[in-house]
J.: 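Here you go, one structure.
Protein chains get the first letters and strands the later ones, always in sequence-line order, with residue 1 at the start of each. If you're wondering where the values come from, they're calculated on a predicted model, not measured in any experiment.
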Amino acid sequence: MEPLVKHEGKVVCMNRLNVDTDQIIPKQFLKRIERDGFGEFLFYDWRYQADGTPNANFELNTARAQGATILLADENFGCGSSREHAVWALADYGFRVVIAPSFADIFFNNCFKNGVLPIVIPTDVRKELAETHANGQWERATVDLEAQVIETDCGHRIAFEVDAHKRYMLLNGLDDIGLTLQYEADIRAYEANRKAYQFVY
Amino acid sequence: MGKTLFEKVWDAHVVKQLPDGQALLYIDLHLVHEVTSPQAFAGLRFAKRSVRQPSQTFATMDHNVPTVNPTDVRDAIAKKQIETLMENCREFNVSLAGLDSPFQGIVHVIGPELGLTLPGKTIVCGDSHTSTHGAFGALAFGIGTSEVEHVLATQCLWQNKPKTMRIRLNGSLQPGITAKDVILGLIAKYGVNFGTGYVVEYAGTLISQLSMEQRMTICNMSIEFGARAGMMAPDETTIAYVKGRQHAPYGEAWEAAVSEWKSLVSDADAQFDVDIEFDVESLEPQVTWGTNPGMGGSVNGVVPDPADAATETEARAIRQALEYMGLEPGTKISEIPIQHVFIGSCTNARIEDLRLAAAIVKGRKVAEGVHAMVVPGSKQVKQQAEEEGLHEVFLAAGFEWREPGCSMCLGMNPDIIPAGERSASTSNRNFEGRQGRGARTHLVSPAMAAAAAIAGHFVDVRTFQSEGVTA
């Protein structure tokens with residue numbers, strides 16, 4: 001996994017509540033057995049009209065949004081289905097950071113497994129960022145995971161917190177399975193003492 | 001201080017607690033399906049890893065499966081995904097209830113049915129509706145594909161301990177009101193993210209009155225208000241359900257298991273981070289009008305006006321939903337015409353759901369212009385229903401009687417609804433495009449879906465039952 005220490009990039013703002021993973025990557029694209037190539041299907045039903053032409057009104061299709069790598073989203077982003085394809089699509093499209101007042105749990109965890117940093121910020125801070133971004137006061141931001149701070153190019157400075165374990169894994173681009181296998185002796189000891197109901201008969 | 005049900009199950013599964021708050025949690029049962037597993041098996045193969053506990057891993061195919069003729073998969077990409085699961089199960093020695101198995105079905109229907117789902121277990125699956133299994137007092141939650149790979153390789157997961165919430169469901173269900181109305185009513189009241197970060201225990205006077213199937217319907221939709229998992233303490237109903245099932249313990253192991261399960265209740269002095277009470281006595285049949293499961297209310301209500309919303313953001317969400325749904329504020333819910341009825345999904349495709357719908361449909365006809373279908377949750381449910389003659393009731397009324405799978409709940413197979421058309425659906429999500437691009441989904445109970453099929457629009461199943469309709 002690609003480590004994420006510090007990321008500088010253009011920001012796109014999406015003012016929609018409860019964006020679910022069915023919107024992020026619609027079901028017709030879940031049939032592939034590969035992990036890559038989902039970016040072209042990101043937000044497909046919003047991004048494209050029924051005839052396949054781009055929907056000019058959709059946030060990601062504006063001229064200003066081109067090349068964005070940081071998504072400023074709203075409450076409960078990534079709710080619904082557990083499909084990790086949603087994060088694969090965001091990452092493949094180019095997003096490295098998603099900022100929102102809240103995330104759905106499974107989506108939030110999936111981000112960390114794919115080098116995407118989800119950052120939780122307070123609702124009023126989100127509002128201020130969205131309003132000033134809409135006014136054209138800023139375009140880009142730097143996200144420093146080491147220092148746990150976001151800085152916008154108009155001078156906002158927002159501290160955030162990330163769980164220590166997840167932060168360490170992302171800073172170093174580490175694979176969870178490798179870490180877990182260091183605890184093989186513990187797992188074996190646990191398995192030796194399991195109760196009857198823990199087995200399949 | 002005493003422990004909650006969740007804490008008891010959690011504590012019994014911690015392999016290693018790290019000082020940074022992460023716990024390595026042992027997973028007793030890993031359910032696998034075709035959509036969220038191929039990349040996980042590919043990861044194992046790439047790293048030359050094996051499945052640590054094939055005997056605790058169980059696979060089926062449900063999402064992609066056609067429901068007219070399941071083995072005739074015409075979508076080449078879906079076919080490849082199904083074949084990939086078969087190959088992966090063979091290579092990694094994992095049990096598979098495939099299309100030719102009498103036990104195939106929706107993963108959350110077959111787990112309990114086969115006795116794989118048991119009280120006290122930790123259960124995961126690459127599917128958010130894994131919360132269903134919490135009805136047995138298991139700690140069950142959905143995971144992403146990277147975590148699927150992690151569990152395959154290590155039989156464990158790293159987790160931060162979630163917060164706890166108790167929801168006391170108090171009262172009794174009035175005639176015509178179902179478990180589906182309870183969970184839809186709860187989400188409509190509290191919103192779609194009030195459970196985020198929590199494991200919920202459903203308690204209260206209602207639970208002991210519910211069958212396992214009703215309990216599963218409630219736990220199934222815990223994820224729709226963001227909860228990591230929903231749980232209910234096992235009781236005599238649970239134990240009676242589990243006993244004698246194919247993969248359940250037997251003999252001495254059964255006795256040992258039952259004595260463990262009896263301790264799986266929250267202690268009287270256990271503390272919850274949040275404790276709420278929800279009265280089910282006054283519930284009316286629920287129908288969603290919007291594009292998430294919280295946008296709903298009584299069948300006797302009206303479509304809300306965005307002007308009445310508390311905040312501008314909410315008003316915008318309602319406007320966006322009504323635009324997608326093609327609805328005007330103030331329209332009576334009971335006057336909304338429907339073109340499709342779907343009775344199925346991991347929420348409502350078990351035998352009791354089908355019996356309930358059949359009782360309403362019996363001797364009546366599906367309204368003209370309505371396409372109605374029943375998709376049983378599993379091969380076993382289908383067989384049971386046919387033994388009881390339910391399929392004949394549905395077929396005589398003009399319903400289609402299909403083969404098991406997820407079907408129109410998410411339309412990954414050919415069962416999709418055309419743009420602009422409207423469904424009464426017993427599934428769990430009314431998201432934009434969920435049942436097909438531009439399709440408009442209204443979530444309801446099996447009884448309400450059956451009544452809507454006959455009437456051609458939503459109707460309060462309580463008046464419907466008493467007045468009757470001439471066939």
Side-chain angles (χ1 to χ4, degrees), chain A residues 15-18 20-23 26-28 30-35 44-46 50 74-76 79-85 87-88 102-107 109-110 112-114 163-166 168 175-177 179-181 183-184 186-187 189-191 194-201, chain B residues 15-16 20-22 24 26 28-29 35-36 38-39 55-56 64 77-78 80-81 84 116 118-121 126-128 142-146 149-150 153-156 158 160 192-193 196-197 226 228 247-250 253 256-257 260-261 292 313 317 410-412 419 429 431-434 437:
Chain A
N15 295 315
R16 299 172 189 247
L17 296 174
N18 305 312
D20 58 76
T21 53
D22 273 76
Q23 303 318 317
K27 75 311 196 71
Q28 62 268 37
L30 305 185
K31 297 170 191 168
R32 301 171 69 250
I33 58 170
E34 298 82 16
R35 215 178 171 118
Y44 193 87
D45 288 355
W46 285 347
D74 211 333
E75 295 277 0
N76 201 27
C79 61
S81 158
S82 63
R83 58 187 71 168
E84 196 163 317
H85 311 64
V87 181
W88 299 339
S102 62
F103 293 90
D105 284 337
I106 306 177
F107 175 85
N109 282 332
N110 286 342
F112 285 98
K113 314 289 180 190
N114 293 280
D163 166 77
H165 175 82
K166 292 190 169 73
Y168 176 79
D175 161 19
D176 262 343
I177 297 179
L179 170 78
T180 309
L181 292 174
Y183 295 95
E184 172 64 24
D186 297 284
I187 302 172
Y190 181 89
E191 286 183 328
R194 278 174 296 166
K195 303 272 173 56
Y197 68 86
Q198 294 183 267
F199 292 85
V200 170
Y201 292 81
Chain B
V15 171
K16 185 83 187 172
D20 68 6
Q22 290 276 308
L24 187 62
Y26 193 79
D28 295 325
L29 177 67
V35 177
T36 55
Q39 296 87 352
S55 69
Q56 288 163 240
N64 270 340
I77 310 174
K80 175 82 181 153
Q81 200 169 54
T84 300
L116 294 163
L118 296 176
K121 274 191 181 181
D127 193 289
S128 58
I143 56 176
T145 298
S146 294
E149 182 181 341
H150 191 278
T154 68
Q155 205 60 37
C156 294
W158 290 102
N160 282 315
V192 287
N193 61 354
T196 304
R228 194 88 180 94
H247 295 289
Y250 52 88
E260 288 283 340
W261 294 339
N292 71 47
T313 323
L410 83 167
M412 272 195 76
R429 289 190 175 134
F431 296 154
E432 286 186 29
R434 176 81 177 176
R437 185 175 182 142

J.: In terms of heavy-atom pairs under 4.5 Å with chain B, which of A:Ala164, A:Ala104, A:Ser81, A:Ala189 leads?
T.: A:Ser81
J.: Minimum heavy-atom separation for A:Phe103 to B:Thr196, with atom names?
T.: O-CG2, 3.3 Å
J.: Relative to chain A, which segment of B:Gln56 carries a heavy atom at a distance below 4.5 Å: side chain, backbone, both, or neither?
T.: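 Both parts, backbone and side chain.
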J.: Are the side chain of B:Arg437 and the backbone of A:Asp45 linked by a donor-acceptor contact shorter than 3.5 Å?
T.: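 It does hold such a pair.
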J.: Flag the pair B:Thr154 / A:Asp176 as yes when at least one side-chain heavy-atom distance between them is below 4.5 Å, and no otherwise.
T.: no
J.: Need one label for B:Ser55: side chain, backbone, both or neither, based on atoms under 4.5 Å from any heavy atom in chain A.
T.: backbone
J.: A:Ile33, A:Ile187, A:Asn110, A:Leu17: which one forms the most heavy-atom pairs within less than 4.5 Å of chain B?
T.: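 Looking at each of A:Ile33, A:Ile187, A:Asn110, A:Leu17 in turn, A:Ile33 comes out on top.
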J.: Give me the atom names and distance for the closest heavy-atom approach of A:Ala196 to B:Ala256.
T.: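 Looking at all heavy atoms of both residues, the shortest contact is CB-CB, 4.3 Å.
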J.: Are A:Tyr183 and B:Trp158, when compared by the centres of their aromatic rings, separated by less than 6.0 Å?
T.: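 Yes: the rings meet the under 6.0 Å criterion.
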J.: Given a strict heavy-atom distance threshold of 4.5 Å, which part of B:Ala248 is in contact with chain A: side chain, backbone, both, or neither?
T.: backbone
J.: Is a side-chain donor or acceptor of A:Lys27 paired with a backbone partner of B:Arg434 at a separation under 3.5 angstrom?
T.: yes
J.: Side chain, backbone, both or neither: which part of B:Arg228 has an atom under 4.5 Å from a heavy atom of chain A?
T.: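 Both the backbone and the side chain of B:Arg228 come within 4.5 Å of chain A.
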J.: At their closest point, which heavy atom of B:Leu118 faces which heavy atom of A:Phe199, and how far apart are they?
T.: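 Here B:Leu118 and A:Phe199 meet closest at CD1-O, 4.4 Å.
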J.: Determine yes or no for a side-chain-to-main-chain donor-acceptor pair under 3.5 angstrom, with A:Asp105 supplying the side chain and B:Gly197 the backbone.
T.: yes
J.: Can you tell which part of B:Leu24 gets under 4.5 Å to a heavy atom of chain A, answering side chain, backbone, both or neither?
T.: side chain
J.: Side chains of B:Ser128 and A:Ile106, heavy atoms from C-beta outward: is any pair under 4.5 Å?
T.: yes
J.: Restricting to non-hydrogen atoms, name the atom on A:Arg32 and the atom on B:Gln81 that form the minimum distance, rounded to 0.1 Å.
T.: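 In terms of heavy atoms, the two residues are closest at O-NE2, 3.5 Å.
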J.: Examine whether an atom of B:Leu410 lies under 4.5 Å from a heavy atom of chain A, and if so say whether it belongs to the side chain, the backbone or both; otherwise answer neither.
T.: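 The answer is both parts of B:Leu410.
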J.: Between the main-chain N or O of B:Ser146 and the side-chain N or O of A:Glu84, is there a donor-acceptor pair closer than 3.5 Å?
T.: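 Indeed, once roles are kept as given, a pair shorter than 3.5 Å links the two residues.
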J.: So which of B:Val192, B:Asn292, B:Leu116 has the largest heavy-atom pair count under 4.5 angstrom toward chain A?
T.: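 Top count of heavy-atom pairs under 4.5 Å with chain A: B:Val192.
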J.: Is the backbone of B:Lys80 close enough, under 3.5 Å, to the side chain of A:Lys31 for a donor and an acceptor to pair up by distance?
T.: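 Side chain of A:Lys31 to backbone of B:Lys80: no pair is present.
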J.: When you measure from the side chain of B:Lys16 to the backbone N and O of A:Thr180, does any donor-acceptor pair fall under 3.5 Å?
T.: no
J.: Check each atom of B:Glu432 against the heavy atoms of chain A and say whether the ones under 4.5 Å are side chain, backbone, both or neither.
T.: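 For B:Glu432, the contact with chain A is made by backbone and side chain together.
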